[in-house]
Structure formats: C-alpha cells, structure tokens
Amino acid sequence: MSAVLFFIAAIFALTGAIGVVMLRNPFYSVLALVVHLISLAALFLLLEAQFVAAAQVVVYAGAVMVLYVFVVAYIGGADQPLGSGAGALKVLGPIFALAVAIELCIAMLGSALEGISSKGAHLHTTFGTPRDIGRLFLTSYLLPFELASLLLMVAAVGAVVLARRRRGLEAEEDEYEYERGIVAQHRPLYTGTNAETTGVRRHVALEAEAEAEREHAGSTSRPEGGW
Amino acid sequence: MDIGWYLVVSALIFCIGAAGVLTRPNPLVILLCLELMLNAANLALVAFSRMWGTAAGQVFALIVMIVAACEVTVGLGLIVAIYRRQLAINVDDLNELRG
C-alpha cells in the first residue's frame, strides 16, 4: 500500500517539477509548483513527518504560492518561449543537470550507508508529531529557532523597503502634472488640499497667474536689463 | 519503501530545478526553480531523519522552509522593483551589475 502511494506521489512530484520548468506561462508554472508541493507533502507523510507535511501544505502551498500568484498577476505573466535566453546555457543547462543526476545516482548506489536500503529505524510513537518537533525547537535547537524569527523579520522589512514607491524611480512628476492639469481645474479657488492651506503648495490658478505676471515682467524688463 | 527511493526522487527533483535555473530567462520562474531545489533538499533531509529515527532532520527541513520563505519575499520584492522601473523582466537583459 505504501509503495503504491509512494509511486503515485513521486510521479506527481516529478511531473509538477517538470511542469514548473517546461510550461511557458509563469502562472501555470506556479500552479504546477502547487501540485509538486502537495505531492511532496504526501511523501513527507509516508516518511512519518506529519508536522512537516502540514507546514508544507499550509505555509508553502498556501501562503507562499499566494504571494507568487499575486506577483505574477501584478506583472502580467507573459508567455515566453522556452530557453529564449543565451544560446550556450540553453544547451549546457540540461546537460549539466543530467550530469549531476547521473553523479548523484552513482553516489547513492555506491554508498556504504546500510540504512539507505532499509525502511528506516524503529520509531517511537511520537515521532514527527508537533509535540516532538516543538520540544526539539525549544530545547536543542533554540538558537536556530530564534535566528529564524529574526531572519523572517529582516526579510519582511527588506521586502517592504525594496518594493515601496521611491522618489526618483517613479513617475511622481507625472502625477503632479496630472493633478495640476485635470483634477485641479475643476476645483474652485481655496477649496484645495492641506498643502495649499499651509502654504506648501499654491493653488494652481494662483500659480498660473503668478507665472503669467513673472513672464510679463520678464518680457518688459528684458530690453532694459540686456545690452 | 526503501529510503533510497526517496533519495532518488529527491535527486531528480534537484536536477530538474537546476536545469530550470540555468535555462529559463524569467526571474519569477528562476525563483520557482530555486524552490524546487530547496524542496529536493527538504525531501532528502526528511528521508534521512526517517532513516535514523531522530526528528532533528525534520527540524532542519523546517528551517530550510523558513529560509525559502524569506528568499521568496525578498526575491519577489526585487522583481516588483524591477517591474516598477519598467525594465525587462529578463535576467539576460538585467546585466548591469555584471562587472
């Protein structure tokens, strides 16, 4: 029974992995990765790792993939031809991967580890339960646990800093022009924004008047100031 | 099933992911392929944890998942920043830091 389940899950995991690499649309790649992750969770269950399997489904297939889908939808996953990149890597990449696969298989076949060809050690009843994992996290592996929380916080702050709107990178001037040109024209005088009441920014109509005056003054004074 | 079968699946997934990182030009898909490679490592860790009968490998796998989540967050933030600057979402074109 476990052998049948293993082969079903393994075939789905490998199909999902191949789908991630081969599908042209990034959106379908993300969906293939979801299939891959869920079948990997089934493999974890077969290995008596209940908590890891649950975390895989909830955190990975749930939260992280939603993040991916959001970004793909934001960017607009355009179809890209396979291997449209540099020519050398297009050929060398699969060859390299095949070489690594063969080498790993040789390493595993020639391994002196006797446990590899067994079904694993005898287990105590709480193996892989949240209780077991939690006890390990709070006793033997307390430092990695705390470091992981620190890392998550740094990553969250870093992502916000990276993805925020920045002066100079954006079309902020365009927005200002848009407001001056369209929004502000249909607005009566002195009903503007806080920026106008505090004197940071003048009303558009006043500014236009001042500009016209300045121009007028400039045009009249130029002959005197010149030559 | 023998532990070796799980390790073979893990090795195959890792190689598929490596091939994807090398061949695909889209950084989004490259991030997905990195996920594949990290998941292959996770499968190997959990398989070895089952082999020895100690849960330490599962703790390691969970830490790897946390690191992968951080990597995804920062990577997707970078991709959004690239998109905002209206550059091509293509690693072959984004080569100004190549030296």
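Below, chains carry the letters A, B, ... as their sequence lines are ordered, and counting in each starts from 1.
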Worksheet item: Are A:V52 and B:N42 close enough that some pair of their side-chain heavy atoms sits under 4.5 Å apart?
Response: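 Sidechains of B:N42 and A:V52: no contact.
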
Worksheet item: Do A:F137 and B:I63 come within less than 4.5 Å of each other through their side chains, counting heavy atoms only?
Response: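 A side-chain contact exists here, since the closest heavy-atom pair is under 4.5 Å.
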
Rounded to the nearest 0.5 Å, how far does [atom2] of [Y] lie from [atom1] of [X]?
X      : Y     : atom1 : atom2 : result
A:L162 : B:I79 : CG    : CD1   : 11.0 Å
A:F44  : B:Q58 : CZ    : CD    : 9.0 Å
B:T23  : A:L92 : OG1   : CG    : 11.5 Å
B:N26  : A:R24 : CG    : CZ    : 13.5 Å
A:I75  : B:L76 : CD1   : CG    : 8.0 Å

Closest non-hydrogen atom pair, [X] against [Y]:
X     : Y      : answer
B:T73 : A:A159 : CG2-CB, 3.6 Å
A:P26 : B:V29  : CB-CG2, 4.3 Å
A:A10 : B:V9   : CB-CG2, 3.8 Å
B:G4  : A:M108 : O-SD, 4.4 Å
B:N39 : A:H36  : CB-NE2, 4.0 Å
A:L33 : B:E35  : CD2-CB, 4.0 Å

May I ask you to name which of [options] has the most heavy-atom pairs under 4.5 Å with chain B?
options                      : value
A:G128, A:S149, A:A63, A:G16 : A:G128
A:Y74, A:Y68, A:Y60          : A:Y68
A:V59, A:D132, A:L46         : A:L46

Given a strict heavy-atom distance threshold of 4.5 Å, which part of [X] is in contact with chain B: side chain, backbone, both, or neither?
X     : result
A:L5  : neither
A:L40 : side chain
A:F96 : side chain
A:L47 : both

Fill in: Contact class of B:Y6 relative to chain A, heavy atoms under 4.5 angstrom
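Contact with chain A is through both the backbone and side chain of B:Y6.
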
Item to complete: Name the region of B:L31, side chain, backbone, both or neither, that has any atom closer than 4.5 Å to a heavy atom of chain A.
Response: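 Both backbone and side chain of B:L31 come within 4.5 Å of chain A.
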
Worksheet entry | A:F70, CZ: over 12 other non-hydrogen atoms inside 6.0 angstrom | no

Fill in: Those residues of residues 151-158 of chain A, ordered by number, that approach chain B below 4.5 Å (heavy atom to heavy atom)
A:L151, A:L152, A:A155

Discussion item. For a side-chain contact (heavy atoms from CB on, under 4.5 Å) check, start with the C-alpha distance between A:F145 and B:I66, then their side-chain angles and the critical distance, and finish with the verdict.
Written reply: CA-CA 10 Å; A:F145 185 58; B:I66 292 167; 6.0 Å; no

Winner by heavy-atom pair count (cut-off under 4.5 Å) against chain A, out of [options]:
options                    : result
B:G57, B:G77, B:C15        : B:C15
B:C33, B:A61, B:A56        : B:A56
B:L43, B:L12, B:V80        : B:L43
B:L7, B:L32, B:I16         : B:L32
B:A40, B:G17, B:S49, B:S10 : B:S49

Worksheet item: Should A:V71 and B:Y83 be marked as a side-chain contact (heavy atoms from CB on, under 4.5 Å) after you check the CA-CA gap, both sets of side-chain angles, and the distance that decides it?
Response: CA-CA 10 Å; A:V71 172; B:Y83 178 73; over 6 Å; no

